[in-house]
Number of protein chains: 2
Amino acid sequence: MAMLMIGELARRTGAKVNTIRFYEDIGLMPLAARTDSGRRTYGEADVRRLKFIRNGRELGFSTEELKSLISLSEQPDRDCGAAAAIARRHLAGVEARMARLALLRTELEEVAFNCDGGHMADCQILEAIAEAGSR
Amino acid sequence: MAMLMIGELARRTGAKVNTIRFYEDIGLMPLAARTDSGRRTYGEADVRRLKFIRNGRELGFSTEELKSLISLSEQPDRDCGAAAAIARRHLAGVEARMARLALLRTELEEVAFNCDGGHMADCQILEAIAEAGSR
DNA sequence: CTACATCCTCCAGTCTTTGGAGGATCAAGC
DNA sequence: GCTTGATCCTCCAAAGACTGGAGGATGTAG
């Protein structure tokens with residue numbers, strides 16, 4: 001199979017080249033194989049893994065959580081419950097924020113029309129943000 | 001009115017003392033008045049402002065966005081549209097993530113039961129994360 | 001053979017906190 | 001008045017997750 005250079009991997013996953021090297025440093029991506037001249041080479045598995053990582057990051061998983069999930073996935077006999085626990089713990093924290101964001105969005109939609117011509121003095125947006133937490 | 005010390009402000013807003021000082025450094029909170037011995041004092045307006053900031057941060061607004069919103073709010077004659085624009089731009093980015101999170105959550109709920117006893121090899125959680133972005 | 005893109009390493013900076021060291025100040029109790 | 005403990009001060013360092021640049025080697029296309 002065709003080996004990819006780091007730039008191509010970056011293009012396929014949307015990650016920056018430097019970010020990929022950073023992921024290797026912290027052990028989130030494996031140590032890449034190298035060509036004779038020292039360039040990193042990647043395969044399809046790396047594309048999948050990096051996509052998984054980018055996705056997880058955008059969903060708010062920390063690199064540590066992702067590391068755990070990946071290392072769990074590499075032990076096919078292990079209990080799946082551990083992975084579920086990580087994901088659930090993470091999602092628990094996420095749900096509250098989602099709810100508040102949804103609320104803020106609604107408020108913002110309601111307000112957006114009035115606002116476009118109005119003055120700051122009557123602007124509801126700030127109140128919407130200020131109160132999106134209280135309930 | 002009673003002046004608050006920084007610790008009391010922290011208690012009322014949930015921010016750490018150090019964080020409040022940091023906000024002052026970057027101009028997100030105003031330079032606090034000081035007692036003779038140099039301690040910062042705060043009033044009710046500061047409590048409101050800091051609550052607004054904490055809220056905004058938890059909703060994902062950057063400190064720069066919050067600075068803009070606050071400075072807009074201090075010019076009551078300015079067009080409210082600018083504030084709406086900031087908030088809308090921010091929310092646009094947020095909606096996609098919300099949708100994907102909602103999807104992931106659903107997937108996770110579906111899967112959580114099967115998973116608790118199963119093996120990693122059949123675990124759907126990783127797929128759920130890997131694909132939460134694709135659609 | 002000359003450009004030019006891409007790669008390498010290493011280092012520095014960004015952003016938003018959080019924590020700690022070392023020292024001053026305050027309120028309360030003895 | 002003096003000690004104790006809490007709180008405050010400033011300054012500095014680190015954490016987490018990148019991002020960018022300098023300086024140099026390598027690969028490729030014309």
Side-chain angles (χ1 to χ4, degrees), chain A residues 2-29 31-43 46 49-70 86 90 93-94 97 129, chain B residues 2-29 31-43 46 49-70 86 90 93-94 97 129:
Chain A
M3 285 296 148
L4 314 175
M5 295 283 102
I6 198 170
E8 183 57 24
L9 178 60
R11 238 163 278 127
R12 293 206 194 178
T13 56
K16 302 259 160 91
V17 167
N18 272 341
T19 304
I20 298 172
R21 294 198 271 246
F22 167 72
Y23 285 161
E24 185 180 311
D25 276 1
I26 64 171
L28 193 48
M29 287 291 283
L31 283 168
R34 304 283 187 128
T35 65
D36 285 356
S37 66
R39 302 191 167 195
R40 293 171 179 82
T41 59
Y42 299 94
D46 296 303
R49 180 163 177 159
L50 187 48
K51 276 184 181 167
F52 172 84
I53 292 168
R54 292 310 304 161
N55 241 311
R57 290 290 303 126
E58 274 172 52
L59 292 170
F61 289 86
S62 71
T63 52
E64 284 310 314
E65 287 172 324
L66 262 11
K67 239 187 258 184
S68 305
L69 287 171
I70 289 170
I86 291 174
H90 175 71
V94 144
R97 215 180 329 147
I129 295 172
Chain B
M3 285 296 148
L4 315 175
M5 296 282 102
I6 199 171
E8 184 57 25
L9 178 61
R11 239 163 276 130
R12 294 205 193 178
T13 57
K16 301 263 158 91
V17 167
N18 272 340
T19 305
I20 298 171
R21 294 198 269 246
F22 166 73
Y23 286 161
E24 185 179 313
D25 276 1
I26 63 170
L28 193 49
M29 287 292 283
L31 283 167
R34 303 283 187 127
T35 66
D36 286 356
S37 68
R39 301 188 168 196
R40 294 171 178 82
T41 59
Y42 300 94
D46 296 301
R49 180 162 176 161
L50 187 48
K51 276 184 182 167
F52 172 85
I53 292 168
R54 292 308 306 160
N55 240 312
R57 289 290 302 127
E58 274 172 52
L59 292 170
F61 288 87
S62 71
T63 52
E64 284 310 313
E65 286 172 323
L66 292 173
K67 239 187 258 183
S68 305
L69 288 171
I70 288 170
I86 291 173
H90 175 71
V94 145
R97 216 177 326 149
I129 296 172

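If you're wondering where the values come from, they're calculated on a predicted model, not measured in any experiment. Below, chains carry the letters A, B, ... as their sequence lines are ordered, and counting in each starts from 1.
- The two atoms that bring A:Ala15 and A:Ala10 nearest to each other are O-CB, 3.1 Å, heavy atoms only.
- Atom pair A:Ile26:CD1 and D:dA17:C1' shows a separation of 7 Å (rounding to whole Å applied).
- Phosphate proximity of C:dC26 to B:Ser37: present, with a side-chain N or O under 4.0 Å from OP1 or OP2.
- Where A:Leu28 and A:Thr35 meet DNA chain D, the nucleotide closest to each residue was compared, and A:Leu28 sits on the side nearer the 5' end.
- Taking CD1 of A:Ile20 as the reference point, atom CD1 of A:Ile6 lies at 4.5 Å (rounded to 0.5 Å).
- Here the CG-CZ distance, from A:Asp46 to A:Arg12, works out to 11.0 Å after rounding to the nearest 0.5 Å.
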Test side-chain contact (heavy atoms from CB on, under 4.5 Å) applied to B:Arg34 and B:Thr41, step by step: CA-CA 6 Å; B:Arg34 303 283 187 127; B:Thr41 59; over 6 Å; no
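- Straight-line distance from the CG atom of A:Asp36 to the P atom of C:dC7: 17 Å, rounded to whole Å.
- B:Ile70 CD1 to B:Met29 CE: the interatomic distance, rounded to the nearest 0.5 Å, is 8.0 Å.
- For B:Arg40, whose side chain is taken as the heavy atoms from C-beta onward, the closest listed nucleotide among D:dT10, C:dA24, C:dT6 is D:dT10.
- Across its full length, the helix from C:dC1-D:dG30 to C:dC30-D:dG1 shows an angle of 10° between the axes of its 5 terminal pairs at either end, rounded to 10 degrees.
- Regarding B:Phe61, its CZ atom lies at a distance of 17 Å from the C1' atom of C:dT16, rounded to whole Å.
- Once rounded to the nearest 0.5 Å, the distance linking CD1 of B:Ile53 with OG1 of B:Thr19 reads 11.0 Å.
- From A:Phe52, atom CZ reaches atom CG of A:Leu69 across 5.0 Å, with rounding to the nearest 0.5 Å.
- Counting to the nearest Å, the P atom of D:dT10 and the CG atom of B:Leu31 are 11 Å from each other.
- Within the structure, the salt bridge (charged side-chain N to carboxylate O under 4.0 Å, His left out) test picks out the following pairs touching residues 49-59 of chain A (sequence neighbours left out): A:Arg49-A:Glu74, A:Glu58-B:Arg100.
- Rounded to an integer number of Å, the gap from OH of A:Tyr42 to C1' of C:dC8 is 12 Å.
- DNA chain C is contacted by A:Arg21 of residues 10-22 of chain A, taking any non-hydrogen atom closer than 4.0 Å.
- Within the 4.0 Å cut-off from OP1 or OP2 of C:dT17, at least one side-chain nitrogen or oxygen of B:Arg54 is found.
- The side chain of B:Tyr23 lies closest to C:dT17 when the candidates are C:dT6, C:dT17, D:dC9.
- In terms of polar N and O atoms assigned as donor or acceptor, the side chain of B:Arg57 never comes within less than 3.5 Å of the base of C:dT16 in a complementary pairing.
- Per the geometry, CG belonging to A:Leu66 stands 14 Å off C1' belonging to D:dG16, to the nearest Å.
- The distance between atom CD of B:Glu65 and atom P of C:dC15, rounded to the nearest whole Å, is 13 Å.
- In this structure, B:Ile53 atom CD1 and C:dT17 atom C1' are separated by 14 Å, rounded to whole Å.
- Considering only the side chain of A:Arg39, C:dC8 comes nearest among C:dC8, D:dC8, C:dT16.
- With rounding to the nearest 0.5 Å, the separation of CD1 in A:Ile26 from OG1 in A:Thr63 is 4.5 Å.
- Salt-bridge annotation for B:Glu24 and B:Arg21: absent, with no side-chain N of the basic residue lying under 4.0 Å from a carboxylate O of the acidic one.
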